[in-house]
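The shown structure was predicted, so the numbers you read here are calculated from the model rather than taken from an experiment. We count ligands from 1, going down the list as the structure has it; atoms in each ligand are counted the same way.
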Amino acid sequence: QGQCGACTVLIDGRRVNACLALAVAHDGAEITTIEGLANGALHPLQAAFVAGDAFQCGYCTPGQICSAVGMLAEAEAGWPSHATADVAEAAALDDDEIRERMSGNICRCGAYPNIVRAIQDVAG
Ligand code: FES
């Protein structure tokens with residue numbers, strides 16, 4: 001509750017605030033951090049954040065990117081959000097949908113417009 005999301009990692013592919021996760025509760029789980037996303041080359045979201053100037057100080061950026069990876073997987077799986085108008089249909093990842101789905105990740109620098117654009121670039 002009330003965390004900033006800067007420490008977001010993927011645990012078995014699902015986004016989790018690491019600061020709220022008890023390590024022993026995830027024994028044997030696959031943990032992916034921002035470093036683990038790059039596989040010989042930048043992950044498409046990492047590249048989109050760089051190309052789209054989607055950060056300023058960079059403090060929130062690892063969490064934003066890990067969260068975006070998890071969020072795109074959730075959307076792909078058909079999970080609705082509070083902003084989804086019709087939960088029976090696949091959500092279009094427009095600005096409102098992305099902002100709602102990324103609302104757990106705070107950016108103190110206010111880089112939100114470019115963060116949303118970078119995610120949209122990857123979502124297609
Ligand atoms: Fe500075 Fe997000 S880029 S907190």
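At a heavy-atom distance under 4.0 Å, atoms from both the backbone and the side chain of Cys109 approach ligand 1.
The nearest N, O or S atom of Cys60 is closer to atom 2 (Fe) of ligand 1 than 2.8 Å. One of the N, O or S atoms belonging to Cys107 lies under 2.8 Å away from atom 2 (Fe) of ligand 1.
Closest to atom 4 (S) of ligand 1, if we only count protein heavy atoms, is Arg108 N, 3.2 Å. Protein heavy atom nearest atom 3 (S) of ligand 1, with residue, atom name and distance: Gln56 N, 3.1 Å.
Listed by number with element, the atoms of ligand 1 under 4.0 angstrom from any heavy atom of Gly58 are 1 (Fe), 3 (S).
The main-chain N or O of Ala48 is never found under 3.5 Å from a side-chain atom of Asp121 such that the two would form a donor-acceptor pair. No donor-acceptor pair closer than 3.5 Å links the side chain of Gln3 to the backbone N or O of Ala18. The backbone N or O of Glu97 sits less than 3.5 Å from a side-chain atom of Asp94, completing a donor-acceptor pair.
Counted by atom type alone, Arg15 and Thr8 present zero donor-acceptor pairs between their side chains at under 3.5 Å.
Counting all heavy atoms, side chain and backbone alike, Cys109 lies closest to Gln56 at O-NE2, 3.3 Å.
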